[in-house]
Amino acid sequence: MASYSIPQLRSHLFYVLMAVAGSIVLAAMFSVHSMEQHGHIITGMNNQIVWGMPHVFAIFLIVAASGVLNVSSIGSVFNKPAYKVRAPLAGLLSIAMLAGGLTVLMLDLGRPDRIIVAATNFNPTSVFAWNIVLYSGMFAAVAVYLWTLMEQRMNSWSKPAGFAVFIWRFVLTTGTGVIFSFLVARQAYGSAILPPMFIVISFAWGLAVFHIVQAAIYEWNGKHLDEYVQKRMRNLMGVFVIASLYFVATYHLTNLYFARQTEFERFILVEGGIYPKLFWIGYVLLGNVLPLLLIYLPALDRFKRIPIASLLIILGGFCLLYVFIIGGQAFPLDIFPGYSVSSSFADGEIGTYQPSLPEILLGLGGVGVAFLISAIGIRVLDFVPRELPKK
Amino acid sequence: MSDINLQRRNFLKTAAGAAMVTVAPGMLLFDVAHGNPQSVGKVRWGMLIDTAACVPGCNDCVTACNKENGLSGGTAATDSQWIRKIEIKDISSGREVSLPMMCQHCESPPCVDVCPTGASFKRVDGIVLVDKHRCIGCRYCMMACPYKARSFVHEPLQDQNPDVPRGKGTVESCTLCVHRIDQGGQPACAEACANKVILFGDLNDPESAIAKKVKSVVSTQIRADLKLNPGVRYQGL
Ligand code: SF4
Ligand code: SF4
């Protein structure tokens with residue numbers, strides 16, 4: 001009985017999940033339609049907080065898309081069998097998240113209908129334009145890589161293809177960081193530490209996403225993940241979490257070192273209301289301390305500690321990006337250093353931002369797109385990691 | 001000649017009576033009209049703003065800009081403001097100054113550097129503009145501008161001025177009233193200010209009033225440390 005009904009139940013559940021993700025994507029499309037009609041007035045964004053919730057989602061997805069490929073790189077470039085068998089899944093997740101992130105970024109444009117303009121009028125000095133190239137190139141690179149992995153005859157090419165992806169994603173995440181480090185006039189950005197910070201952070205977020213998907217797949221198929229593999233991947237995630245925490249701390253400490261930036265740091269870390277709360281509770285406590293405890297304290301073994309730690313890391317990631325992107329803009333530009341200023345355009349004031357439902361739905365829509373692509377990919381093609389027999 | 005008459009008529013129409021009899025604006029108009037067609041490529045339009053003469057609470061330049069460019073004049077966080085009055089106070093000395101702030105028409109404009117589509121561009125005469133038909137509304141230029149000079153059109157627009165195209169979902173900022181300049185006029189704000197705070201002209205023409213004044217009085221560029229060489233300079237800061 002059980003052997004008959006469980007797969008059936010699973011198949012039902014699969015369609016339910018697809019329907020949920022599909023409805024989220026539909027709701028996102030409706031939001032985009034309303035934004036098209038009414039303009040961005042229906043979002044919480046304004047002339048001071050020009051990038052909002054959609055950018056938090058989009059950047060998370062894009063950064064994680066690059067980071068998840070670490071699993072492939074460790075397999076292909078560094079030749080670790082436990083990771084090699086997971087490379088195809090990592091590649092699929094990367095493509096899925098990249099597609100989700102880019103969809104959000106594109107649909108949030110004031111004129112999404114003109115996306116073709118962005119493709120045909122290329123301003124070579126713009127970091128944004130470079131990123132468009134990097135993202136499209138990434139799709140191509142990962143697709144080729146997947147092909148070399150999954151097509152027997154192409155297997156011998158998987159190493160060079162993996163290497164190309166390895167390089168490409170470094171450049172891509174650097175590019176994402178550079179978008180912000182070019183904004184020299186903004187106190188929150190314009191720092192050279194941002195590109196490496198984004199790279200290290202991407203490892204942690206990417207691995208967290210991978211762990212969740214892997215745990216779900218194993219659970220779904222009633223399989224048990226090899227203890228040894230589990231331990232190695234868990235420890236690796238711990239290392240990445242510590243490393244990214246280190247970079248975030250360095251970013252804030254270097255800001256504190258420059259007298260001009262201390263005001264900003266006080267705002268973002270102490271006095272800025274929602275932002276310090278999200279930073280300390282959301283990012284540091286829930287997104288780092290707790291996951292690290294879950295990863296390293298053996299006493300917690302009976303919990304499903306890795307998926308929980310991974311979920312927390314992702315939650316922390318969203319908090320960090322919210323603080324970084326929105327808090328960074330909320331702090332006023334220092335147009336007149338040494339003066340206190342006031343105007344009708346909110347000069348010298350902390351920007352206000354209240355995310356609205358349509359923009360949150362748009363962001364979630366990106367997650368929905370990523371979910372649909374991964375779920376369909378996993379079901380239709382053979383992406384389930386198969387452990388190689390132990391030697 | 002008719003050019004000058006036309007400008008003068010426009011000028012008389014909008015400017016306060018007392019402002020136009022004085023010599024300086026007349027000279028300025030003369031320079032503008034004659035400098036324009038011949039010296040394309042050499043012209044650098046700019047403004048010199050005398051903050052000492054600017055009256056706190058006076059908003060005439062802002063009102064004139066809104067009218068000229070068909071802006072609503074609303075000051076909600078989502079409304080466009082191409083020019084705004086800023087009251088600043090020196091934290092150490094307590095000295096207060098009032099001044100108009102708008103796009104500074106940087107010589108090395110970060111907004112142009114970052115724009116992915118080339119919609120933000122700088123004309124040969126130094127005016128920085130957004131091509132409304134090319135802008136995709138990504139707002140990266142707003143992130144990059146150190147002066148918070150740009151606004152995003154958050155709502156559908158009505159009653160547009162045909163000379164000043166605008167568009168929902170695109171970014172906009174002070175055009176230096178390019179449509180007036182190209183016909184030999186000067187920006188609406190400069191014309192509207194009864195205290196002649198805003199002196200407009202060709203910074204590259206040694207004979208222009210603005211070039212002469214920039215040479216003789218102390219003036220500064222805001223956030224000069226960023227080395228963007230704005231075309232708008234301030235006096236009395
Ligand atoms: S002030 Fe801002 S919008 Fe104007 S040219 Fe400079 S960077 Fe561009
Ligand atoms: S909002 Fe428009 S003008 Fe500004 S950077 Fe984007 S495309 Fe260029």
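Values below: every heavy atom of this structure, side chains too, minus hydrogens, waters and symmetry copies. The sequence lines fix the lettering, A, B, ..., with proteins before strands; numbering per chain opens at 1.
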For B:Ser151 and A:Asn47 the tightest heavy-atom approach is CA-OD1, 3.5 Å
Okay, A:Ile179 and chain B: the region with an atom under 4.5 Å from a heavy atom over there is both
In this structure, CZ of B:Arg139 is separated from CD of A:Gln329 (nearest 0.5 Å) by 9.0 Å
*Is the side chain of B:Arg84 donor-acceptor paired with the backbone N or O of A:Ala346 at a distance under 3.5 Å, no angle test?*
no
Applying a strict 4.5 Å limit to non-hydrogen atoms, the region of B:Ile136 in contact with chain A is both
Closest non-hydrogen contact found for B:Arg134 with A:Asn121 is NH2-OD1, 3.0 Å
| Within a reach of under 6.0 Å around CD of B:Gln158, are more than 12 heavy atoms found that belong to other residues, nucleotides or ligands? | no
d(A:Asp347 CG, B:Glu87 CD) to nearest 0.5 Å is 10.5 Å
So, do A:Ile41 and B:Lys168 sit near enough that their side-chain heavy atoms are less than 4.5 Å apart? no
task: Measure the acute angle between the ring planes of A:His40 and B:Phe152, then classify it against the limits of 30° and 60° as parallel, tilted or perpendicular.
output: perpendicular
Comparing B:Ala144, B:Cys115, B:Pro156, B:Gly118 against chain A, the one with the most heavy-atom pairs below 4.5 Å turns out to be B:Cys115
Please answer whether the main-chain N or O of A:Val127 pairs with a side-chain N or O of B:Tyr140 as donor and acceptor at a distance below 3.5 Å.
-> no
The interface call for A:Met35 against chain B, heavy-atom contacts under 4.5 Å, is backbone
Any donor-acceptor pair under 3.5 Å from A:Trp51 side chain to B:Cys138 backbone: yes
If one checks every heavy atom of B:Ser98 against chain A at 4.5 Å, the contacting part turns out to be neither
Next on the checklist: Using a 6.0 Å cut-off, check whether atom NZ of B:Lys89 has over 12 heavy atoms from anything other than its own residue.
Outcome noted: no
> Is a side-chain donor or acceptor of A:Asn123 paired with a backbone partner of B:Val112 at a separation under 3.5 angstrom?
Replying inline: yes
>> Looking at A:Phe30, I'd like to know if its CZ atom is crowded, meaning that more than 12 non-hydrogen atoms belonging to other residues, nucleotides or ligands lie closer than 6.0 Å.
In response: no
Applying a strict 4.5 Å limit to non-hydrogen atoms, the region of A:Val178 in contact with chain B is backbone
Contact between B:Asp113 and A:Phe182 at the side-chain level, heavy atoms closer than 4.5 Å - yes or no? no
Of the listed A:Pro332, A:Gly39, A:Ser343, A:Ser340, the one with the largest count of heavy-atom pairs under 4.5 Å with chain B is A:Ser340
Ranking B:Glu96, B:Arg150, B:His133 by heavy-atom pairs under 4.5 Å to chain A gives rank one to B:His133
Here the gap from A:Tyr339 atom OH to B:Leu237 atom CG, rounded to the nearest 0.5 Å, amounts to 5.5 Å
Q. Do the side chain of B:Lys148 and the main chain of A:Ile335 share a donor and acceptor less than 3.5 angstrom apart?
A. no
Cut-off 4.5 Å, heavy atoms of chain A, and the answer for B:Ile222 is side chain
- Item | Heavy-atom side-chain contact between A:Phe128 and B:Met143 under 4.5 Å | no
Ranking A:Gly328, A:Ala118, A:Ser342, A:Gly190 by heavy-atom pairs under 4.5 Å to chain B gives rank one to A:Ser342
- Query: Side chains of A:Pro337 and B:Arg223: does their closest heavy-atom pair fall under 4.5 Å?
  - Reply: yes
In short, A:Leu333 meets B:Cys145 closest at the heavy-atom pair CD1-O, 3.6 Å
In this structure, CG of A:Leu183 is separated from CE of B:Met142 (nearest 0.5 Å) by 13.0 Å
Taking every heavy atom of B:Asp79 against every heavy atom of A:Phe345, the minimum-distance pair comes out as O-CE1, 4.0 Å
Most contact-rich option vs chain A, by heavy-atom pairs under 4.5 angstrom, among B:Ala76, B:Pro146, B:Gly167, B:Ala119, is B:Pro146
Item to complete: Would you check if B:Gln81 and A:Ser344 make a side-chain contact, meaning some heavy-atom pair closer than 4.5 Å?
Response: yes
Under 4.5 Å to a heavy atom of chain A? For B:Leu228 that would be neither
Are any side-chain N or O atoms of A:Arg111 and backbone N or O atoms of B:Cys135, one a donor and one an acceptor, separated by less than 3.5 Å? no
Of the listed B:Glu155, B:Arg95, B:Lys85, B:Met101, the one with the largest count of heavy-atom pairs under 4.5 Å with chain A is B:Glu155
The interface call for A:Asn131 against chain B, heavy-atom contacts under 4.5 Å, is neither
